[in-house]
There are 2 protein chains.
Amino acid sequence: MPTPERTTLDAIVAAAAEILESEGLGGVTMQAVAQRVGVRAPSLYKRVESRDTLLRLVAEATLREYAVGLDGITDPHRLVDTLRAFGQARPAAFLLVMSPGPGTPVARQEFRDAASASLLGITAELAGEDDALEAARTLTAWATGFVSMEINGAFTLGGDVERAWRFGRDRVVAALRAETELSGSEPTPRPRGTADDSQRSR
Amino acid sequence: MPTPERTTLDAIVAAAAEILESEGLGGVTMQAVAQRVGVRAPSLYKRVESRDTLLRLVAEATLREYAVGLDGITDPHRLVDTLRAFGQARPAAFLLVMSPGPGTPVARQEFRDAASASLLGITAELAGEDDALEAARTLTAWATGFVSMEINGAFTLGGDVERAWRFGRDRVVAALRAETELSGSEPTPRPRGTADDSQRSR
DNA sequence: ACCTGAACACCGTTCAAGT
DNA sequence: ACCTGAACACCGTTCAAGT
């Protein structure tokens, strides 16, 4: 007579994500996850290949949330502001996804692609089709670099971190704008709304 | 009768750094480090408090090398190129230092300060004293974000990564330049040499 | 068909005992 | 004064045995 299932893969991934945030990466043990979903550690291996796979699934679930949250955003300022909000809401998950240290498992490509879809649309319009990929990489690199440093407490030289964020954001976004007076191709230089709080930057 | 010392703290840290690079963070076990320096694992605790401390020492030794390598550089393009070269030479150490994942030990402040000294000098001249800190944070965020993504294999959408590097570097550096026609204070707008390979960017 | 206890190999770390 | 074997607690993972 078959035993009824006492948990699900989704519950396991969700439990791992919660523990990751509250206890850190080291706290995500198979035993801790198992306890949270109400089974014993060996049972987890019915749904998940290994602890590394489980962490990868957490990363991918996080990326899926990012993809949803970023979808439809057309303003580059708002895009990076949203990314930063994700980092502040769940710092450990952000680091796991956006700047995995050495030895941390990495999300599969399809999940990275989904999360960067709206970004590529934005930079295509901002920098022109020819430079869209380069602009997307520049903006992502800056934003994830900044938020990672913020999470890691690397901003210890004083100063106003909020101001540094707006400074970097506004300068980088402006720098990506197609030089319509120089470049040829199809610059699509439609005027777009600026970010909500950019008037405070001096 | 005192037993002669069979190893040193420096040798231990160096061994850990080598294993980190060749075997990854998970390979840096106390036993592996001990074996490499020719003692047993418990002996390491005479010199080092814990594995976490050892990893922190590796991070700080790496930062010290960065500080030396970056010292005296006055051109921002060359500064970030050098940082990227560090990342390519020892990827795992770069990630450990510049984008530690969740749960990785972080270098103490003094070592971070030393490594960012020349950077602050550069951005002061580039962006003006008032925006030096913000400019430094912007440039560091972009550069470490880019190199981390490169190391983590996040650039999978094709395209030319070298071109993306030069694109981002040149745009971001240009964006940090003080708007001398607008800002007041002391802009110190001396002309400076451009990067060696920037002529290849179109 | 899923769940579990027991077991294995392997960690980090401690400590009494050696020299 | 440093080094070591033995031991402890705790991992991830496997598997035969339960239901």
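What you see is a predicted model; the values in this text were computed from it and never measured. First the proteins, then the strands, lettered A, B, ... as listed; each starts at 1.
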Colleague: Take atom CE of B:M30 and atom P of D:dG5, then tell me their distance rounded to the nearest Å.
Modeller: 16 Å
Colleague: Using the ring-ring contact (aromatic ring centres under 6.0 Å, His included) rule, collect all pairs that involve residues 22-66 of chain A, keeping only residues at least two apart or in two chains.
Modeller: A:Y66-A:F86
Colleague: Strictly below 4.0 Å, heavy-atom distances to any atom of DNA chain D: list the hits from residues 45-57 of chain A, or just say none.
Modeller: A:Y45, A:S50, A:R51
Colleague: As an exercise, state the distance from CZ of A:R137 to CE of B:M149, rounded to the nearest 0.5 Å.
Modeller: 7.5 Å
Colleague: Roughly how far, to the nearest 0.5 Å, is CG of A:L95 from CG of A:N152?
Modeller: 5.0 Å
Colleague: Treating A:T29 as the side-chain partner and A:A32 as the backbone partner, does any N or O pair qualify as donor plus acceptor under 3.5 Å?
Modeller: yes
Colleague: Separation of A:L44 atom CG from C:dG5 atom P, in whole Å?
Modeller: 13 Å
Colleague: Just by modelled atom types, is the B:A92 backbone N or O under 3.5 Å from a matching donor or acceptor in the B:E21 side chain?
Modeller: yes
Colleague: If you compare all heavy atoms of B:I73 against all heavy atoms of B:I122, which two are closest, and at what distance to 0.1 Å?
Modeller: O-CD1, 3.3 Å
Colleague: Does A:R51 use its side chain to pair, donor to acceptor, with the backbone of A:V28 at less than 3.5 Å?
Modeller: yes
Colleague: Polar pairs (N or O, both sides) under 3.5 Å between protein and nucleotides 6-10 of chain D?
Modeller:
none

Colleague: What do you reckon, is CD of B:Q109 surrounded by more than 12 foreign heavy atoms closer than 6.0 Å?
Modeller: yes
Colleague: Using whole Å, report how far CD1 of A:I12 lies from C1' of C:dC3.
Modeller: 12 Å
Colleague: Should B:R47 and B:D10 count as an ion pair when the cut-off is N to O under 4.0 Å?
Modeller: no
Colleague: Check whether A:T123 reaches the backbone of A:L126 with its side chain - one donor and one acceptor, N or O, closer than 3.5 Å.
Modeller: no
Colleague: Can you pull the salt bridge (charged side-chain N to carboxylate O under 4.0 Å, His left out) pairs that have at least one residue in residues 55-74 of chain A, sequence neighbours excluded?
Modeller: A:R56-A:E60, A:E60-A:R108, A:E65-A:R90
Colleague: Is there a donor-acceptor contact under 3.5 Å from the side chain of A:S118 to the main chain of A:L70?
Modeller: yes
Colleague: Verify, without hydrogens or angle tests, whether A:R112 (side chain) and B:F155 (backbone) share a donor-acceptor contact under 3.5 angstrom.
Modeller: no
Colleague: Side chain of B:T3, base of D:dC2: donor and acceptor closer than 3.5 Å?
Modeller: yes
Colleague: Could you identify which residues of residues 32-41 of chain B place a heavy atom less than 4.0 Å from some atom of DNA chain D, listed by residue number, or say none?
Modeller: B:V39, B:R40
Colleague: What stems show up for DNA chain D when you take Watson-Crick pairs (N1-N3 plus N6-O4 or O6-N4) and G-U wobbles (N1-O2, O6-N3), both under 3.5 Å, and require three or more consecutive pairs?
Modeller: C:4-8 with D:12-16, C:12-16 with D:4-8
